[in-house]
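Structure record follows, encoded as structure tokens.
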Amino acid sequence: MKSQTALAFEYSYLDLPEAFYTQLAPTPVAEPRLVALNDALAQELGLHLPGLSSQDKAALFSGNRLTPDAQPFAQAYAGHQFGGFTMLGDGRAHVLGELVTPSGDRVDVQLKGSGPTPYSRRGDGRAALGPMLREYVISEAMHAMGIPTTRALAVVTTGQTVYREQPEQGAILTRTAASHLRVGTFEYASALGNPAPLQALLDYTLARHFPNLADADDKAIALLDVVMQKQIDLIVHWMRVGFIHGVMNTDNMALSGETIDYGPCAFMDSYDPATVFSSIDHQGRYAYANQPKIALWNLTRFAEALLPVIDDDEKQAIAKAEATLNTFSTGYRKKWLAMMRAKLGLTKEDEADETLIAGLLNWMKATKADYTNTFRDLGSPGFSPGCKAPYDTEAFSAWHTDWQARRERYGESRKASQALMQQTNPAIIPRNHKVEEALTATSDGDLKPFRTLLSALQSPYDDHHGLAPYQLPAPEGSCRYQTFCGT
Ligand code: AMP
Ligand code: MG
């Protein structure tokens with residue numbers, strides 16, 4: 001079929017030692033049906049799909065039909081899950097292959113929910129429709145907000161039932177990623193106990209993501225440092241929009257710096273640094289405010305895995321790794337401050353900025369102010385304190401006066417400041433109750449709310465018509481929102 005030649009897969013990953021993967025095909029499904037297709041992404045990837053019927057697309061994005069040269073595989077990896085080390089691997093995913101896009105980027109095309117693999121442990125290798133559509137809508141919202149992320153190309157239902165807490169419609173998500181290399185891939189390589197595969201993985205990762213570092217004197221340290229910078233940038237983005245990943249295990253930290261694995265993630269409504277959504281995160285390990293600390297914890301596991309290729313002398317290796325990791329906190333703080341300044345429309349630096357920012361955050365926490373709406377309100381041209389709740393208090397008014405005085409002291413114009421705030425503070429995020437509403441409708445066969453939500457999230461920084469229903473926090477009295485793993 002002509003259009004299928006558009007899926008000209010490459011397989012650079014299969015040049016790694018065999019221990020890093022298992023080649024196997026997805027398990028065919030009974031009755032694949034296309035539920036969602038991301039035309040804009042298909043175009044970016046250079047795929048020519050319009051010539052294909054809906055059935056052809058469903059066959060392709062379920063893994064029922066493979067392109068003639070396909071060599072699908074599941075990746076091996078390990079990971080620290082909630083602090084404990086485990087051997088893992090793609091237990092329900094197959095990489096169909098890598099595409100080189102018209103702009104020259106290499107991306108993995110992966111099916112998720114496509115059947116068991118040797119890494120499935122006790123899992124069924126499958127996924128349910130709700131969580132796959134959830135990943136679709138949230139990852140696309142993240143992309144639209146300018147946050148590095150894997151993306152969603154398609155969702156098909158399988159015509160088969162999967163059993164979770166109750167029977168669910170089975171589904172497969174096709175996602176694209178700069179790669180699926182994770183901190184956990186290095187932990188796996190290191191656990192093999194032989195420096196050769198670790199060295200091969202190091203060379204591959206540099207060649208694939210950071211070719212300018214391929215000839216660095218200290219390759220492993222160069223990789224540790226660049227991955228750390230990418231993670232700092234990513235976490236700062238998450239903090240900016242109130243995103244809580246929910247399961248920041250080392251197997252869910254991509255070396256490319258993309259957000260990956262939308263399991264029990266959610267966006268914070270009322271500002272509270274201790275916010276957790278995941279039903280299994282009883283300790284609050286992955287709470288909103290813990291995310292930078294956990295990123296450093298994960299990077300420390302990354303550094304440990306790299307030790308044998310940092311230096312033959314272990315003491316030297318540890319000293320070099322520590323010197324790099326020790327720069328995390330200052331680096332993060334600096335970028336976080338710059339981001340928070342931008343949220344307040346400030347570009348110049350002042351020593352008292354941290355106090356100013358803390359003043360607002362403390363007020364928000366005390367008043368349970370909505371994180372998204374507060375910053376959006378502050379940046380809107382008509383805003384003045386005292387005119388509506390929750391801004392009609394003396395405490396807020398005093399903070400507002402300080403903030404405006406701070407802006408004027410550095411000659412930052414109100415207009416420029418507001419413009420910066422509008423580019424930094426989204427007007428719309430995928431609010432939990434709206435996402436759930438859309439997913440519930442979908443399970444009843446009504447795709448309209450899902451499509452409307454998806455389309456509203458396409459331009460998150462614009463005040464557009466019809467935005468209002470998406471800006472309201474969850475209605476008072478609704479149950480505490482919880483998200484679930486193992487979906
Ligand atoms: P996650 O929590 O989605 O990052 O997954 C952690 C590990 O569990 C990975 O190795 C997944 O491949 C595996 N896994 C998750 N769900 C399933 C499933 N239904 N069947 C088999 N493996 C799974
Ligand atoms: Mg994962």
Side-chain angles (χ1 to χ4, degrees), residues 13 16-17 20 75-81 83 85 88 106 148 177-238 245 248-261 290-336:
Y13 192 87
L16 281 169
F20 284 101
Q75 294 186 351
Y77 52 85
H80 276 82
Q81 300 194 304
F85 181 79
L88 297 161
R106 178 175 296 267
S179 85
H180 287 85
L181 295 165
R182 316 143 193 267
V183 167
T185 318
F186 273 84
E187 291 182 278
Y188 171 83
S190 199
L192 294 174
N194 162 6
L198 190 58
Q199 186 64 49
L201 183 63
L202 170 61
D203 292 339
Y204 178 74
T205 307
L206 288 175
R208 181 152 179 184
H209 291 295
F210 312 108
N212 58 324
L213 300 177
D215 298 321
D217 289 339
D218 231 337
K219 288 190 207 176
I221 287 293
L223 179 65
L224 176 61
D225 187 53
V226 71
V227 168
M228 186 173 85
Q229 301 310 327
K230 295 262 173 201
Q231 286 303 321
I232 289 177
D233 290 340
L234 183 63
I235 307 290
V236 166
H237 273 302
W238 291 357
H245 184 283
M248 282 179 72
N249 294 333
T250 54
D251 51 303
N252 292 335
M253 186 182 261
L255 301 179
S256 64
E258 288 181 340
T259 311
I260 192 169
D261 270 6
N290 272 357
Q291 297 185 122
K293 205 170 79 186
I294 290 292
L296 176 58
W297 193 91
N298 290 349
L299 289 163
T300 308
R301 306 288 83 74
F302 183 41
E304 283 166 4
L306 283 167
L307 287 178
V309 284
I310 293 177
D311 202 302
D312 290 338
D313 175 344
E314 196 181 38
K315 268 199 181 146
Q316 280 291 326
I318 293 173
K320 287 183 189 172
E322 278 179 348
T324 304
L325 293 169
N326 284 345
T327 65
F328 178 94
S329 298
T330 336
Y332 174 78
R333 197 88 206 139
K334 200 165 167 220
K335 285 184 171 166
W336 179 84

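Note that these values count all heavy atoms, side chains included, but never hydrogens, waters or copies made by symmetry. All values derive from a computational prediction rather than experimental measurement.
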- Task: Test Leu223 against Val226 for side chain to side chain contact (heavy atoms under 4.5 Å, CB included), laying out the working first.
- Result: CA-CA 5 Å; Leu223 179 65; Val226 71; 4.2 Å; yes
Is any side-chain heavy atom of [Y] closer than 4.5 Å to one of [X]?
{"X": "Trp297", "Y": "Lys293", "result": "no"}
{"X": "Tyr13", "Y": "Gln75", "result": "yes"}
{"X": "Phe186", "Y": "Val309", "result": "no"}
{"X": "Asp203", "Y": "Lys219", "result": "yes"}
{"X": "Trp238", "Y": "Met248", "result": "yes"}
{"X": "Tyr204", "Y": "Leu181", "result": "yes"}
{"X": "Ser190", "Y": "Glu304", "result": "no"}

Of all residues at least two apart in sequence or in a different chain, which pass the side-chain contact (heavy atoms from CB on, under 4.5 Å) check with [X]?
{"X": "Ala177", "result": "Thr150, His180, Glu258"}
{"X": "Asn252", "result": "Arg182, His245, Val247, Asn249, Asp261"}
{"X": "Asp233", "result": "Lys335"}
{"X": "Ala191", "result": "Phe85, Met87"}

- So which pairs with a foot in residues 315-327 pass side-chain hydrogen bond (donor to acceptor under 3.5 Å, both in side chains), sequence neighbours left out?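 For residues 315-327: Asp311-Lys320.
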For the residue pair [X] and [Y], what are the closest heavy atoms and their distance?
{"X": "Ala220", "Y": "Leu306", "value": "O-CD1, 3.9 Å"}
{"X": "Ala178", "Y": "Ser256", "value": "CB-CB, 3.9 Å"}
{"X": "Leu325", "Y": "Leu296", "value": "O-CD1, 4.0 Å"}
{"X": "Ala196", "Y": "Asn194", "value": "N-OD1, 2.9 Å"}
{"X": "Phe328", "Y": "Ala295", "value": "CZ-CB, 4.1 Å"}

Quick check for you: to the nearest 0.5 Å, what is the distance between [X] atom [atom1] and [Y] atom [atom2]?
{"X": "Tyr77", "Y": "Thr185", "atom1": "OH", "atom2": "OG1", "result": "8.0 Å"}
{"X": "Arg301", "Y": "Leu299", "atom1": "CZ", "atom2": "CG", "result": "10.0 Å"}
{"X": "His80", "Y": "Leu88", "atom1": "NE2", "atom2": "CG", "result": "11.0 Å"}
{"X": "Glu187", "Y": "Leu192", "atom1": "CD", "atom2": "CG", "result": "12.0 Å"}
{"X": "Leu213", "Y": "Asp225", "atom1": "CG", "atom2": "CG", "result": "8.5 Å"}
{"X": "Arg208", "Y": "Leu201", "atom1": "CZ", "atom2": "CG", "result": "11.5 Å"}

- Is the number of heavy atoms from other residues, nucleotides or ligands within 6.0 Å of CG (Asp312) greater than 12?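 No.
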- Message: Taking CG in Asp215 as the centre, count heavy atoms belonging to other residues, nucleotides or ligands within less than 6.0 Å. Is the count above 12?
- Response: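 Open.
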- For Glu314, which residues count as a side-chain hydrogen bond (donor to acceptor under 3.5 Å, both in side chains) partner, sequence neighbours excluded?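 side-chain hydrogen bond (donor to acceptor under 3.5 Å, both in side chains) list for Glu314, sorted by chain: empty.
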I'd like to know if the side chain of [X] and the backbone of [Y] have a donor-acceptor N/O pair within less than 3.5 Å.
{"X": "Arg106", "Y": "Ser179", "result": "no"}
{"X": "Thr250", "Y": "Asn298", "result": "no"}
{"X": "Gln231", "Y": "Leu255", "result": "no"}

